[in-house]
Amino acid sequence: MGKGLYISKSVGITLIVLAVAAVATIIALSVVFHNEKSRTVEKPQINETDQWKSYRLPGTLSPQYYNITLWPRLVPDANGMYIFTGHSGVAFTCVKETGLILIHSNKLNYTLTPEGHHAKLTGLEGAKAPAINKTWLEVETQYLVIQLSETLQVGKIYWLYMEFQGELANDLRGFYRSEYFEDGVKNKISKTESIYRFRKAFPCFDEPAMKAVFHMTLIHPSGTVALSNGMEMGKNQNVLQTKFKPTLKMSTYLVAFVVSEYSSIRTAAETDVRIWARRTAIEAGHGDYALSITGRILDFFQSYYNSKYPLPKSDQIALRDFDAGAMENWGLITYRETSLLYDPITSSNKDKEWVSTTIAHELAHMWFGNLVTMKWWNDLWLNEGFATYVSYLGVDDVQPTWNIKDLMVMTETHKAFAFDSNKFSRPLSLPEEEVKTPAQINALFNTITYSKGGAVLRMLSEFLSEPVFARGLSVGDFTVVDADPEVNLPATISEIMNRWILQMGFPVVTIDTRTGNITQNHFLSDIIIESSTVCISTATHDPMKTNSEWVLANVNVSGFYRVNYDPQNWQRLLSQLSTDHSVIPVLSRAQIVDDAFNLAKANMINMSLALRTTSYLSEEREYLPWQSAIKHLNTFINRFRHTEVNTKMQVCLLQIIDDTYRLLFKFQNLGFLVGSLYSSIYIYIHNLNAISLACTAGVEDCLDLTKMWYRQWMKNPDKNPIKHSMRSTVYCNGIAAGGSEEWEFAWNLYKKSVDDAEAELLIYILSCTRKPELLNRYLNYTLDPNMVQKKHVNYVIRHVANNVVGQPLAWDFIRSLSSCVRQQLELFKEEINKAGFGTEALVVDESITITKENMEWMQKNKGEVMQWLKEELA
């Protein structure tokens, strides 16, 4: 066994200081937990005569509680419209003298008072309310504006009452409706969708810091059930009026209410856990898995946070039409069906993993996000990054054999690396003044917020240790960490972290084992910026100096940075991988591959060196290094598909995956494979990767086998021979290798599908065809909601854009759209942001830039790749 030099803890601390790659989030955590103080510059005073032109509330009023009654009509009115009616009142305190009331309202029609005003104002607890001079709706900034004859008195409480009507549209926004078929009968459901859109359901002070108590009442048709954040208190059977217990003090974006014909299952425990879904789904047991883990994850978080779950119940409901994966509404968590329901007969291991992590993510918010909330959306990453990180801890507690915490590196850290290394990235936290409009808020829900936020929190935990990190959370004050003599920090937490929170990007740390020199630079995938606040001077660290032993930094990817080495150390690492790769930890093996390919892309090392990191994979049996390699090898396959490189690439890849691939083809009985080999989620994915990579590379027997399986299914659609865990891979490759007949078969199944998981799978595999005419037809289908459901439009365009044949078709399609249709594709714009592009206006220009860079990359690396392939195959 060859000797190796790992970086010790003390050396690691020194390296992290030199790289400024230690911890990224604690100061912001401290801010949130410590009185939610604003770190931004003080906002200038706005003249009261134009305050309604600002997207931010002036901070003169503070809501205390709401009384809200809503009545959704689940049948159309005489004009063919679905509507809801309601009335609401809000008690608020005047905290700064003002003669103006601004309350958010969007697309609500008000019943005017006898005086012709939109609202009525009265005083509470002896306060005298001034008369209303004028009211109007400010459409651009989404306010109901109320001008008063006199100013409100500081410290006094007032009551604002309004009656209104809105459209119960099917646009997945605000208070909306959706429809589904069950046993051949069309059912309707009305529900809410959050984040700055509750102003479309009732007038409210719709900012996260404007917390209040909500008293909800829902009027609903006979045969339906009404749900909200609080537990039901009782019903008036004459009019089916359901009242709910008041909520805790919370933000408007956490309110939820649903009227449906759903059924539920529940647990008899201290916290009442209920899973709600379509009756047929509940009866088929699709909610059983969610019910089995929800209480256990809640128990884990109660221990982790050292804080009791604050509500008497936790409802979780699976919705057919929902534009997010899930939403952490306090006491009534809303999910897309595929994020909550799990069918033990047909669902895959990957489906089970997704349901588990999504439930854990939303339950994590019950404390961090709901109980403790950011002051404004510019620090959204604290909410979502934290929930992302601890969701893996929650799942690990209930599924300890999955090693899910290691998987986080692939699913979150690598995704964040890819996003944050391009010039369209942004800092984790932005100044408040840069986040004002709904569009600017919407743009924050991307990979930086979720994945980078989670990755730097994982780094923080690795650096401090999980017990110290959890202790800081439990006491609600991380300043104790600086004062703890057992936590030997090389600098104050705030000094270390500001660099991570307030600027985009991350470093690449370069270690020269010949001299012991360590340097760092801001890493960008296509350019290295020398002059940056991330850069520091070169330092020398003697333990890094060696002529014989390999040095491995950032062991197990404990820090959010990449590592480069001198050529000799790279060679020593490659030799170790070839002789006995098990000496190097699994996560580090995966990271060596990922770092090498990305360093080559940034012109920091030769592409042939990156390719050599895959040479040992024929001996690799772990999933994580394979997944890291396949991601990059697929890029090579797609870019060189129509060049002379392709043939040699096929042969080379087949050599790499030979053992796994040949085993699969030795046993062509797929049922035997699934039953015998897939005892672990990693083994399952590893074997799928072998098939997928072989088919993507164009290996004939792989293409023939997937076509055969697909054809068997086409002959007898009611008896699918392909096990569910294999379907995504086999379907996609079957359609890619086939033609119009295979595509039409899947399209007809999508049109008839009643199961969300099946529909989303079909949406994906339809994009796998390599026929441009089919992809163009598919894109055009998104313009007709009778062809492609609205909730699937963003998926269709994204999947087509990820197909090498579909990339130019997708961009041409987007550019050809009218402004009206562009509004319908708001969800896709969010996905564009997640993919690493900037604002919508720059999408086309940025995509052209990326395409140009890809073409330049091919020209630059084609010769080197061909030479490496010749040497490998010699």
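This structure is a prediction, so every number in the text was calculated from the model and none was measured.
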Q) Taking it one step at a time, do F386 and F368 satisfy ring pair (Phe, Tyr, Trp, His ring centres under 6.0 Å)? A) CA-CA 7 Å; F386 194 89; F368 205 95; 4.3 Å; yes
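- Residue Q399 holds its CD atom at 6.0 Å from OG1 of T401, rounded to the nearest 0.5 Å.
- With sequence neighbours left out, D397 forms a salt bridge (charged side-chain N to carboxylate O under 4.0 Å, His left out) with no residue at all.
- The salt bridge (charged side-chain N to carboxylate O under 4.0 Å, His left out) test applied to D595 returns R562, not counting sequence neighbours.
- Scanning for side-chain hydrogen bond (donor to acceptor under 3.5 Å, both in side chains) contacts around Y392 gives T411, E412, with sequence neighbours left out.
- For residues 444-458, the set of pairs meeting the salt bridge (charged side-chain N to carboxylate O under 4.0 Å, His left out) definition, not counting sequence neighbours, comprises D420-K452.
- What you find for T449 and W381 is that their closest heavy atoms are CG2-CA, 3.6 Å.
- For residues 503-514, the salt bridge (charged side-chain N to carboxylate O under 4.0 Å, His left out) pairs, not counting sequence neighbours, are D512-R514.
- Residues N598 and F417 are not in side-chain contact: their nearest non-hydrogen atoms beyond the backbone lie 4.5 Å or more apart.
- Judged as a side-chain hydrogen bond (donor to acceptor under 3.5 Å, both in side chains), and not counting sequence neighbours, the contacts of R612 are Q571.
- The residues R589 and E620 are annotated as salt-bridged, a charged nitrogen and a carboxylate oxygen being separated by less than 4.0 angstrom.
- Taking the six-membered ring for Trp and thresholds of 30 and 60 degrees, Y450 and H361 have nearly parallel ring planes, at less than 30 degrees apart.
- Nearest heavy atom pair, residue S451 against residue A416, reads C-CB, 3.8 Å.
- Taking the side-chain contact (heavy atoms from CB on, under 4.5 Å) definition, one finds that L393 meets it with F300, Y304, Y389, V390, K405, E466, sequence neighbours left out.
- The backbone N or O of F523 sits nowhere less than 3.5 Å from a side-chain atom of N521 that would complete a donor-acceptor pair.
- In this view, W354 satisfies the ring-ring contact (aromatic ring centres under 6.0 Å, His included) rule with no residue, not counting sequence neighbours.
- H581 is linked by a ring-ring contact (aromatic ring centres under 6.0 Å, His included) to Y616, counting only residues two or more places apart in sequence or in another chain.
- Sequence neighbours left out, the pairs with a member in residues 583-609 that pass ring pair (Phe, Tyr, Trp, His ring centres under 6.0 Å) are F597-H632, F597-F636.
- Side chain to side chain, Q627 and H414 fail the donor-acceptor criterion of an N or O pair below 3.5 Å.
- Residues forming a side-chain hydrogen bond (donor to acceptor under 3.5 Å, both in side chains) with S356 (at least two apart in sequence, or on another chain): Y289.
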Q. Is there a side chain to side chain donor-acceptor pair (under 3.5 Å) between S525 and N422 once you walk through the steps?
A. CA-CA 6 Å; S525 58; N422 68 59; over 6 Å; no
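- In this structure, the side-chain contact (heavy atoms from CB on, under 4.5 Å) partners of N556, at least two apart in sequence or on a different chain, are P585, L587, S588.
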